[in-house]
Enquirer: 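One structure, as structure tokens, below. Some questions next.
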Protein chains: 2
Amino acid sequence: MAIALQKVSRQKQKAETRQKLVDAAAAELASGRSFDTLSLREVAKLAGIAPTSFYRHFHDMEGLGLTLVEQCGEALRKRIHDVLHQASEGRSLIRASVETLFEYFLSNQGMSRMILQESMSRQPEFRRAAERLMQTMSSDLANYLEEEARERGVPLGHARTAADSMVAILFTAGIALLDTPADERDRHVETAILQLRMIMRGAEAMGQT
Amino acid sequence: MAIALQKVSRQKQKAETRQKLVDAAAAELASGRSFDTLSLREVAKLAGIAPTSFYRHFHDMEGLGLTLVEQCGEALRKRIHDVLHQASEGRSLIRASVETLFEYFLSNQGMSRMILQESMSRQPEFRRAAERLMQTMSSDLANYLEEEARERGVPLGHARTAADSMVAILFTAGIALLDTPADERDRHVETAILQLRMIMRGAEAMGQT
DNA sequence: CTTTTCAGAGTACAAGTGTACGCACAACCG
DNA sequence: CGGTTGTGCGTACACTTGTACTCTGAAAAG
């Protein structure tokens, strides 16, 4: 006996299938595929829709890619923001940030790889999207550093520049991390923390000049 | 009237066609194509050989890619090495290094993009190749920093870690540089220099602890 | 109710892909 | 010299790719 099916609105239905496409792509990334070897037909098949129906949702694979980066970037950004603006349970803030970020990288390898990779992609749109993300994170971080320095009464020179350095290091280390067997990952974490502290020291030193 | 043709040895001939393949790929990269959209058939055609003859030289496109990275990486490494170990004509060494490296990135955009991009590639071989390059450069730099610090009698803590940071920043900045219109590039250069100096200061500060 | 809209399916096609197989012919080796 | 080796070519095959076109059926609009 068939259960009465809810009649769903058109736009809701459309949004759902669209998300199916996004999810299918994400799943494929998660299992190690690279985004630009992913074909329209393939994601369509994985999402359970006809290849030609893809066009009802995205004009391009690039369109899908941008949505993907955007969705994941938002999650990432939020995560860092939260760490910075809430109690860090006794851990130093630098340590908390590094650990949180790396944790995210590890549990979302597929998407992280994509973001990191597309930040160096040939497709200008992708690059810009990734760059925007990094810049947003860098701004967040810079604001925080300045505020925190003011509270401690330590003059901090070039907060934004320091923040840029930190983000660059975190992302570069992130990639290396994903290639590292689990039992050596701590070393990367400690190194990254050391690197960030070094930059903090340098920034403070240059603030006093 | 036909000029007498030199009879060429087999291995020399083979080496030549192999290089034709490499050059064809490099040329395509230089004109903006991304390596992994490059097909075997395409490079074969550009090199002026039959598609199936490709296999006489490389087992894979990946094989070609590795050769490409290797050749270009060597050039890059050498360039930096030279800057570090020779008179820098009055410029500070940091400035000289940054300017030389960025110059190289700009005049070899295709290859640079490839190296930078493949350092985050899905293909583990590529990643490792790029990582090897970065580590070599980092070692070179670390050695130099230590030696130079010894000469000045300044204790330098964690030279290698500092060098890693510097390389990460240089490569990240390199990508941004390539996306920047010519008249704004100086800003990137100055920022990078500032970032490296900051790290130096930090490293010195931590060396005294 | 009727009419319109539009997400999705199906078919079809031209173009491009990697590569297996066999052949030609010049360089090499004994 | 004659036999072997190996680079390069051409053909052929089985796929995969993006997408143009047409059709269907149900939700939305009137």
Side-chain angles (χ1 to χ4, degrees), chain A residues 2-25 27-29 31-68 121-123 125-126, chain B residues 2-25 27-29 31-68 121-123 125-126:
Chain A
I3 296 175
L5 294 175
Q6 285 219 0
K7 141 171 131 176
V8 282
S9 84
R10 239 191 208 159
Q11 58 174 350
K12 182 158 188 168
Q13 175 60 40
K14 179 167 184 181
E16 267 173 35
T17 31
R18 183 188 149 108
Q19 193 58 38
K20 266 199 261 177
L21 284 168
V22 175
D23 291 346
E28 210 57 8
L29 289 188
S31 71
R33 286 284 299 277
S34 107
F35 180 77
D36 43 30
T37 68
L38 220 56
S39 73
L40 184 156
R41 281 179 111 101
E42 210 172 355
V43 286
K45 178 182 284 183
L46 290 170
I49 71 170
T52 47
S53 300
F54 181 95
Y55 298 108
R56 304 282 184 203
H57 305 279
F58 300 100
H59 171 266
D60 243 357
M61 276 298 285
E62 181 165 328
L64 204 177
L66 289 175
T67 304
L68 223 41
S121 163
R122 297 275 165 162
Q123 281 133 347
E125 286 298 329
F126 278 2
Chain B
I3 296 176
L5 294 175
Q6 285 219 3
K7 141 173 132 177
V8 282
S9 82
R10 237 191 211 158
Q11 58 175 349
K12 181 157 190 170
Q13 175 61 40
K14 179 167 186 182
E16 267 173 35
T17 31
R18 183 186 148 109
Q19 193 58 37
K20 266 200 262 177
L21 283 168
V22 175
D23 291 345
E28 211 56 8
L29 289 188
S31 69
R33 287 285 299 277
S34 106
F35 181 78
D36 44 30
T37 68
L38 220 55
S39 75
L40 185 155
R41 283 180 110 101
E42 209 172 354
V43 287
K45 178 182 284 184
L46 289 170
I49 72 171
T52 46
S53 300
F54 181 95
Y55 298 108
R56 305 282 185 205
H57 304 278
F58 300 99
H59 171 268
D60 241 0
M61 276 298 285
E62 179 165 328
L64 204 178
L66 288 175
T67 305
L68 222 41
S121 163
R122 297 276 164 159
Q123 281 133 346
E125 286 298 330
F126 278 2

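Naming convention: chains lettered A, B, ... in sequence-line order (proteins, then strands); numbering from 1 in each chain.
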Enquirer: Is there a side-chain contact between A:Arg122 and B:Leu29 (heavy atoms, below 4.5 Å)?
Expert: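 Counting from C-beta outward, A:Arg122 and B:Leu29 do come under 4.5 Å.
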Enquirer: For B:Ser53 and D:dT7, is the shortest distance between a side-chain N/O and OP1 or OP2 below 4.0 Å?
Expert: no
Enquirer: From C-beta outward on B:Leu40, which listed nucleotide comes closest to its side chain: C:dG8, D:dA26, C:dT19?
Expert: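 Looking only at heavy atoms from C-beta outward on B:Leu40, the closest nucleotide is C:dT19.
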Enquirer: Could you state the CG-P distance from B:Leu46 to C:dG16, rounded to the nearest angstrom?
Expert: 13 Å
Enquirer: B:Glu62 CD to C:dT19 C1': how many Å, rounded?
Expert: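 After rounding, the reported distance stands at 17 Å.
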Enquirer: Please figure out whether B:Pro51 or A:His59 has its closest DNA chain D nucleotide nearer the 5' end.
Expert: B:Pro51
Enquirer: Would you give me the side-chain donor-acceptor pairs under 3.5 Å for residues 13-24 of chain A, sequence neighbours excluded?
Expert:
residue: A:Lys14; atom: NZ; partner: A:Arg56; partner atom: O; Å: 3.2
residue: A:Thr17; atom: OG1; partner: A:Gln13; partner atom: O; Å: 3.1
residue: A:Thr17; atom: OG1; partner: A:Lys14; partner atom: O; Å: 3.0
residue: A:Gln19; atom: NE2; partner: A:Asp23; partner atom: OD1; Å: 3.0

Enquirer: Contact between B:Phe35 and B:Leu68 at the side-chain level, heavy atoms closer than 4.5 Å - yes or no?
Expert: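 Touching, per the 4.5 Å side-chain cut-off.
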Enquirer: Rounded at 0.5 Å granularity, tell me how far OG in A:Ser34 sits from CD in A:Glu28.
Expert: 10.5 Å
Enquirer: Going by modelled atom types, is there a donor-acceptor pair between the base of C:dG10 and the side chain of A:Thr52 at under 3.5 Å?
Expert: yes
Enquirer: In whole angstroms, how far is the C1' atom of D:dT7 from the CZ atom of B:Arg56?
Expert: 6 Å
Enquirer: Rounding to an integer number of Å, can you tell me how far A:Ile49 CD1 sits from C:dG8 P?
Expert: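 Those two atoms, CD1 and P, are 7 Å apart.
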Enquirer: Specify the separation, in whole Å, of atom CZ of A:Arg41 and atom C1' of C:dA9.
Expert: 13 Å
Enquirer: D:dT17 P sits how many Å from A:Met61 CE, rounded?
Expert: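 Taking CE of A:Met61 and P of D:dT17, I get 10 Å after rounding.
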Enquirer: Going by atom type alone, with no hydrogens or angles, which donor-acceptor pairs under 3.5 Å involve a side-chain atom of residues 38-49 of chain B and a protein atom two or more places apart or on another chain?
Expert:
residue: B:Ser39; atom: OG; partner: B:Glu42; partner atom: N; Å: 3.1
residue: B:Glu42; atom: OE1; partner: B:Arg33; partner atom: NH2; Å: 3.2
residue: B:Glu42; atom: OE2; partner: B:Arg33; partner atom: NH1; Å: 2.8

Enquirer: Can you tell me the distance, in whole Å, between the CD atom of A:Gln11 and the P atom of C:dC6?
Expert: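 One finds 12 Å between P of C:dC6 and CD of A:Gln11, rounded.
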Enquirer: Assign B:Ser39 to base, sugar-phosphate, or nothing according to its heavy-atom contacts below 4.0 angstrom with the strands shown.
Expert: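 The answer is sugar-phosphate, as B:Ser39 gets under 4.0 Å only of primed atoms, P, OP1 or OP2.
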Enquirer: Of the candidate nucleotides D:dT17, C:dG18, C:dC28, which contains the atom at the shortest distance from the side chain of B:Ser9?
Expert: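 Given the options D:dT17, C:dG18, C:dC28, the side chain of B:Ser9 is closest to C:dC28.
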Enquirer: Does A:Gln13 have a side-chain nitrogen or oxygen under 4.0 Å from the phosphate oxygens OP1 or OP2 of C:dG8?
Expert: yes
Enquirer: Grab the CZ-P distance between B:Arg18 and D:dG8 for me, whole Å please.
Expert: 12 Å
Enquirer: Between B:Gly48 and A:Leu38, name the one whose nearest nucleotide on DNA chain D is closer to the 5' end.
Expert: B:Gly48
